[in-house]
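First the structure, in the form of structure tokens, and then the observations on it.
All chains are named by letter (A, B, ...) in the order of the sequence lines, taking the proteins before the strands, and each is independently numbered beginning at 1.
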Protein chains: 2
Amino acid sequence: MSRDELQSLLDDVNADHAEARVVRVLSERGAVSANEIARATGLARSTISQALAELRGADVIVEAASADLARGVGRPAASFALNPRAGTCLGLHLSLDEIKLIAADVSHSVIFEKNVALGRDYAPAEAVEAARVALRESCREAGVAWSSVIGVGLSFSGPVAPDGRVQRASIIPTWAGVNLGEAFGPALERPIFADNESNCSAIAEMTWGAAIGVEDFVLFKIDIGVGGAIVANGRVLTGIAGAGGEFGHMTLDPQGELCRCGNRGCLELTASLNPAISVASRLAGRPLGVDEFIERAAAGDVGCRRLLADTAERAGRGLGMIGAILNPGLILIGGRAALAGEALLRPLIASYERHTLIKREETPPAQRVRIEIAKYPRNHALLGAVALVLRRHGRLS
Amino acid sequence: MSRDELQSLLDDVNADHAEARVVRVLSERGAVSANEIARATGLARSTISQALAELRGADVIVEAASADLARGVGRPAASFALNPRAGTCLGLHLSLDEIKLIAADVSHSVIFEKNVALGRDYAPAEAVEAARVALRESCREAGVAWSSVIGVGLSFSGPVAPDGRVQRASIIPTWAGVNLGEAFGPALERPIFADNESNCSAIAEMTWGAAIGVEDFVLFKIDIGVGGAIVANGRVLTGIAGAGGEFGHMTLDPQGELCRCGNRGCLELTASLNPAISVASRLAGRPLGVDEFIERAAAGDVGCRRLLADTAERAGRGLGMIGAILNPGLILIGGRAALAGEALLRPLIASYERHTLIKREETPPAQRVRIEIAKYPRNHALLGAVALVLRRHGRLS
DNA sequence: CTGGATTATTTCTATTTCGAAAGAATTACG
DNA sequence: CGTAATTCTTTCGAAATAGAAATAATCCAG
């Protein structure tokens, strides 16, 4: 295969030769040994050997600093990663009042990270222009040629349909109906990938976090909203309209309070951090931020601890239902509530146990649900946005 | 490849040549054209052509009566199916007070079907012995050599762990903790496959029913219990302990009535047919059966219709949550309630719409959830049991 | 410090699979 | 009818892949 063909393998999603599959595995996992590549692709070791030789010849991959972590007996395995100079992936997170930027090379190293503040309820065109300027500039500063950008991943705070359209139910009302691919594609002139925030977080956990190598898990996010993502067979279940994993909008009480989504009694109304923070603020005599509240709870403030435990109790009810529906092997707790660690986890697990079908003690260890804190609880959907590009997930154009 | 090797392809799950993959596709789908096989396997048409020639030479496959359904322009495609004489699959459904038997050849034709009544709460050993005797005898009568039986699929009314163990939460209390593979394996001396009833129904719908070719859907069963199954990427999500899809045991009201599963306020308590039938029976002055109740509702009895609609309203609440969590493209309604057709479907869809996040009218048609009646609403998990064997799903030994 | 045990990697050849082109069976249309 | 268009199927040489055996790099035990 020619050098040019090999170097363009990063763009070609559909190619199905040994070389292409090796590149895809490296793109998804970072540094990997030849043996692992063989297992992941299902190809023979000899085939991998040949492919690696060719790819190395074309400077597409490099030998990685061997992570001698589990160094046993026998010849140690060499690790390979994509040549960092072979391309750059950009990520963009669109949140309530700012956009966050990130760039990573194809070997999974972060090159730069940056925030751009915007007014509340900013218009799509504003964000597109701000993103264009900031990305171009940051790339120039970091010495990244725009032509070497493989794609831009977008993380959005709300359901994103498979065609890139933002659903009404999003946090930022001005964006309802906007097609992210059509909005950002012309301005950025690079392939666009997009998914909702929680799905991005799940992908970040799969790529760098607490779910590396896990094919089936659920991410449950507790922050000022409640959301999540479902991963089955190694793929994020986005749902037919991109609304999979919207745990916050399970209707717990059809006669309950009105939710911003237009329904009543959603889980989010009781299980997000908002009610707890309201009460804590009243007691403190001044408005508390999310971080301050969590810090107080983690530090042992009995009031905040109890408020957090009550939140966990209510969230655990929803989580128990998710357990009855999906019976996942691993549930990762994300969102800033997870920063409280055990103070959240203990009452949450207790509540889960009380509300779910299969009880822990009557199940052999291998079939038990593990509930753990995610590695990136603090909104690191941004990392996931860049992983969208690395995994070629949610491609729009 | 030798004739013997080709003929044993049906037993070898792990083989990964063109011939093996062709056999597997035919086993899963029945009669298929060469072109479809190529698409399903991802192999080149020329490879399929060669493989088919070899398999035909070894009498493993036969040319099927060409189902000239969609006969367009151009040369018509020939269909192939596994040679019915190449093997037989048995299925077994273990219900409350009887076991049901079925046999089908590998081309998906049913050979015989039979019920064996047992006392309520029968013991496992009883069922094993009854199954052994009835299956052996029926096979002899039908001229099926026991050695030609590829495997026996078991459908069980309750969660079945991946290792074959029956969970406590099952309908038949005497079976809690029993390992289905260990119980049936020695007596039947054939490979055993097992899964819970609803998962089997889902597989039946995928193989013969309303979900042929659909990779992602949810089956929601409303009968004297409430249950279901989730299919993602063409695979049934069984969950880490086999309790995936247990929609009936979502906790709607933590302070509600006690459920047989040990929790309170489960969906099943309000959304199954039981409450409606109780009221209808009181009004009728005598106990009504499920079928009678459904017939009355379908025939236009206003009381029964309203009771059914109320049930649908309550079930729709649970279904709406499933919609928020999974956002599936297709929801099939199974169980005997589905026999009422539109009388159930209309209020169910209305309730779903009211309780789910993404509303129908604000979604383009391609992203809308379709809610339809399953093809086999009347407990045809039995068909699914035999499909377990055809699809090599849930293998225990 | 040396030889055996263990695991990783490459080499070489046989086999499998692919892609392009030819051939076959049918419908559409003049 | 006959020819063109369309679609399915097979053939055959080229390319990719797998499997077995050889080679390499390390640990471990004496």
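- For H17(B) and dA16(D), the NE2 to C1' distance is 18 Å, given to the nearest whole Å.
- Here the C1' atom of nucleotide dA16(D) and the CD1 atom of I48(A) are 13 Å apart, to the nearest Å.
- The CG-P distance, from L55(A) to dA16(D), rounds to 13 Å in whole Å.
- Atoms CZ (R21(B)) and C1' (dC18(C)) sit 13 Å apart, rounded to a whole Å.
- Using a 4.0 Å heavy-atom cutoff across all strands shown, A18(B) reaches sugar-phosphate atoms only and no base atom.
- Close to dT17(C), at under 4.0 Å from its OP1 or OP2, lies no side-chain N or O of T47(B).
- Nearest to the side-chain atoms of P76(A) among the listed nucleotides dT26(C), dG23(C), dA25(D) stands dA25(D).
- Distances shown here put a side-chain N or O of R56(B) below 4.0 Å from the OP1 or OP2 atom of dT10(D).
- Q50(A) has its CD atom 14 Å from the P atom of dA15(D), to the nearest Å.
- Within 6.0 Å of CZ on R24(A) lie more than 12 heavy atoms contributed by other residues, nucleotides or ligands.
- The shortest distance between the side-chain N/O atoms of R45(B) and the OP1/OP2 oxygens of dA21(C) is not below 4.0 Å.
- Distance R39(A) CZ to dT9(C) C1': 16 Å, rounded to the nearest Å.
- Side-chain proximity of A34(A) to dT9(C), dT27(C), dT10(C): nearest is dT9(C).
- Counting non-hydrogen atoms under 4.0 angstrom, L43(B) reaches the backbone sugars and phosphates but no base.
- The A77(A) side chain lies nearest to dT9(C) when the options are dA24(C), dT9(C), dT26(D).
- Within the 4.5 Å cutoff, no side-chain heavy atoms of W208(B) are placed close to those of K375(B).
- Take the nearest nucleotide of DNA chain C for G74(A) and for D16(A): the residue whose nucleotide is more 5' is G74(A).
- Nucleic acid contact for L52(A): none, since no nucleic acid atom lies under 4.0 Å from a heavy atom of the residue.
- Proximity note for V73(B) (side chain, C-beta onward) versus dT6(C), dT9(C), dA28(C): the nearest is dA28(C).
- For the pair S46(B) and dT10(D), the criterion of a side-chain N or O lying under 4.0 Å from OP1 or OP2 is not met.
- Here dT6(C) presents its C1' atom at 13 Å from CG of N35(A), a figure rounded to the nearest Å.
- Atom-to-atom, CZ of R75(B) to P of dT7(D) comes out at 14 Å; the value is rounded to the nearest Å.
- Two residues are said to be in side-chain contact when any heavy atoms from C-beta on lie closer than 4.5 Å; F193(B) and L390(B) fail this criterion.
- In R368(A), the CZ atom is crowded: over 12 heavy atoms of neighbouring residues, nucleotides or ligands sit closer than 6.0 Å.
- The shortest side-chain heavy-atom distance between D216(A) and P328(A) does not fall under the 4.5 Å cut-off.
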